[in-house]
Amino acid sequence: MSIFNSFNINASGMTAERYRMDVIAENVANVNTTRTAEGGPYKRKVVTFEEKKATPSTFSSYLGRATEQYTGQGVKVSKVSEDNWTQMNMVYDPSHPDADENGYVTYPNVNIVTEMTNLIDSSRAYEANATAFNTSKSIATTGLTMGGNS
């Protein structure tokens, strides 16, 4: 594995985690949205990651892929789905324009504590990738410096 592969792997992790943070921010921003353009309350969104695999195109890349089957190529966002397994929040507020005939308003299934916990998790994963990226950069710089002193 070359040093540039580690840059790509860390960069893909940072990009995926930044996207996850954007989705978390969207969830927090819509915590009180009771009516969307599609109708009904906002539904919490969840980001799913998967391994990014190199696409072999030549014989040598097929051979390299076969011999390095346990070497990852980074991560990518595979999908963003709506959270349909968590119940919506029902709040009694008969004066609300979106209240049903019993006076209950259906609020999004967004829990601020869960979202903030996910945000901290995503932020720490981003920081870990940034640290690994900087370490790889430092190793590459040291290697180039050592090669120049001969």
Side-chain angles (χ1 to χ4, degrees), residues 1-58 60-141:
M1 176 160 90
S2 76
I3 192 73
F4 297 111
N5 284 351
S6 65
F7 291 147
N8 292 335
I9 290 168
N10 297 133
S12 73
M14 288 190 294
T15 301
E17 291 299 341
R18 184 190 53 80
Y19 187 78
R20 181 177 173 212
M21 285 188 258
D22 289 344
V23 171
I24 292 168
E26 179 184 340
N27 289 339
V28 170
N30 286 293
V31 71
N32 291 319
T33 303
T34 59
R35 189 182 316 165
T36 61
E38 296 82 29
Y42 174 84
K43 287 188 180 178
R44 177 177 178 261
K45 293 186 176 43
V46 180
V47 177
T48 306
F49 297 150
E50 73 178 22
E51 178 187 1
K52 185 191 297 183
K53 297 180 181 179
T55 308
S57 59
T58 62
S60 63
S61 61
Y62 277 104
L63 181 62
R65 184 80 173 132
T67 58
E68 297 177 8
Q69 63 183 339
Y70 299 108
T71 303
Q73 297 295 321
V75 68
K76 67 178 179 178
V77 174
S78 62
K79 68 179 177 176
V80 178
S81 55
E82 289 184 344
D83 178 357
N84 292 317
W85 54 89
T86 306
Q87 284 188 327
M88 300 299 229
N89 298 321
M90 300 295 287
V91 176
Y92 183 73
D93 184 4
S95 64
H96 195 283
D98 292 327
D100 63 11
E101 62 276 354
N102 297 322
Y104 284 93
V105 180
T106 305
Y107 280 94
N109 56 350
V110 176
N111 182 335
I112 293 296
V113 174
T114 301
E115 297 302 322
M116 295 312 287
T117 304
N118 289 342
L119 185 62
I120 291 168
D121 178 50
S122 185
S123 174
R124 296 233 171 110
Y126 184 93
E127 289 172 6
N129 277 296
T131 300
F133 187 92
N134 287 331
T135 301
S136 296
K137 185 171 71 172
S138 175
I139 290 169
T141 303

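- The side-chain contact (heavy atoms from CB on, under 4.5 Å) check on Phe133 picks up Phe7, Asn10, Met14, with sequence neighbours excluded.
- Screening residues 5-25 for salt bridge (Lys or Arg N to Asp or Glu O under 4.0 Å) gives Glu17-Arg20, Arg18-Asp22, Arg20-Asp121 as the qualifying pairs, with residues at least two apart or on separate chains.
- Side-chain atoms of Asn109 come within 3.5 Å of backbone N or O of Thr86 as a donor-acceptor pair.
- Under the salt bridge (Lys or Arg N to Asp or Glu O under 4.0 Å) criterion, Glu82 pairs with no residue at all, not counting sequence neighbours.
- Shown here for Val80 and Val77, the closest heavy-atom pair between the two residues is CG2-CG1, 4.3 Å.
- Nearest heavy atom pair, residue Asn129 against residue Ile9, reads OD1-O, 4.5 Å.
- For Ser123, there are no side chain to side chain donor-acceptor pair (under 3.5 Å) partners two or more places apart in sequence or in a different chain.
- Every residue two or more places apart in sequence or in another chain was checked for a side chain to side chain donor-acceptor pair (under 3.5 Å) with Thr106, and none qualifies.
- Residues Ala99 and Asp93 come closest through the heavy atom pair CB-O, 3.5 Å.
- Closest of all the heavy-atom pairs between His96 and Val105 is CB-CG2, 3.4 Å.
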Given Leu119 and Met21, is the side-chain contact (heavy atoms from CB on, under 4.5 Å) satisfied, shown in steps?
CA-CA 6 Å; Leu119 185 62; Met21 285 188 258; 3.7 Å; yes

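- Under the side-chain contact (heavy atoms from CB on, under 4.5 Å) criterion, Ser138 pairs with Thr142, not counting sequence neighbours.
- A search for side-chain contact (heavy atoms from CB on, under 4.5 Å) contacts involving Arg124 returns Ile120, not counting sequence neighbours.
- Applying the side-chain contact (heavy atoms from CB on, under 4.5 Å) rule to Val91 yields the partners Tyr107; only residues at least two apart in sequence or on another chain are considered.
- Rounding to the nearest 0.5 Å places NZ of Lys52 at 7.0 Å from CG of Asn8.
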List the atom pairs, with distances to 0.1 Å, where a side-chain N or O of residues 39-49 and a protein N or O form a donor-acceptor pair under 3.5 Å, not counting sequence neighbours.
unit_1, atom_1, unit_2, atom_2, d
Tyr42, OH, Glu26, OE2, 3.4
Tyr42, OH, Asn27, OD1, 2.7
Lys43, NZ, Asn84, OD1, 3.2
Arg44, NE, Glu115, OE2, 2.5
Arg44, NH1, Asp83, OD2, 3.0

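- Environment of CE in Met116: sparse, with no more than 12 heavy atoms of neighbouring residues, nucleotides or ligands closer than 6.0 Å.
- Not counting sequence neighbours, the partners of Asn30 by the side chain to side chain donor-acceptor pair (under 3.5 Å) test are Thr33.
- Annotation for Pro108 and Val31: closest pair CD-O, 3.3 Å, computed over non-hydrogen atoms.
- Summarising the geometry, atom NZ belonging to Lys137 is positioned 12.0 Å from atom OG belonging to Ser6; distances are rounded to the nearest 0.5 Å.
- Shown here are the ring pair (Phe, Tyr, Trp, His ring centres under 6.0 Å) partners of Tyr104, two or more places apart in sequence or in another chain: Tyr92.
- Under the rule for a side chain to side chain donor-acceptor pair (under 3.5 Å), Ser12 has no partner lying at least two apart in sequence or in another chain.
- For the residue pair Asp98 / Thr34, a side-chain donor-acceptor distance below 3.5 Å is found, with atom types taken as modelled.
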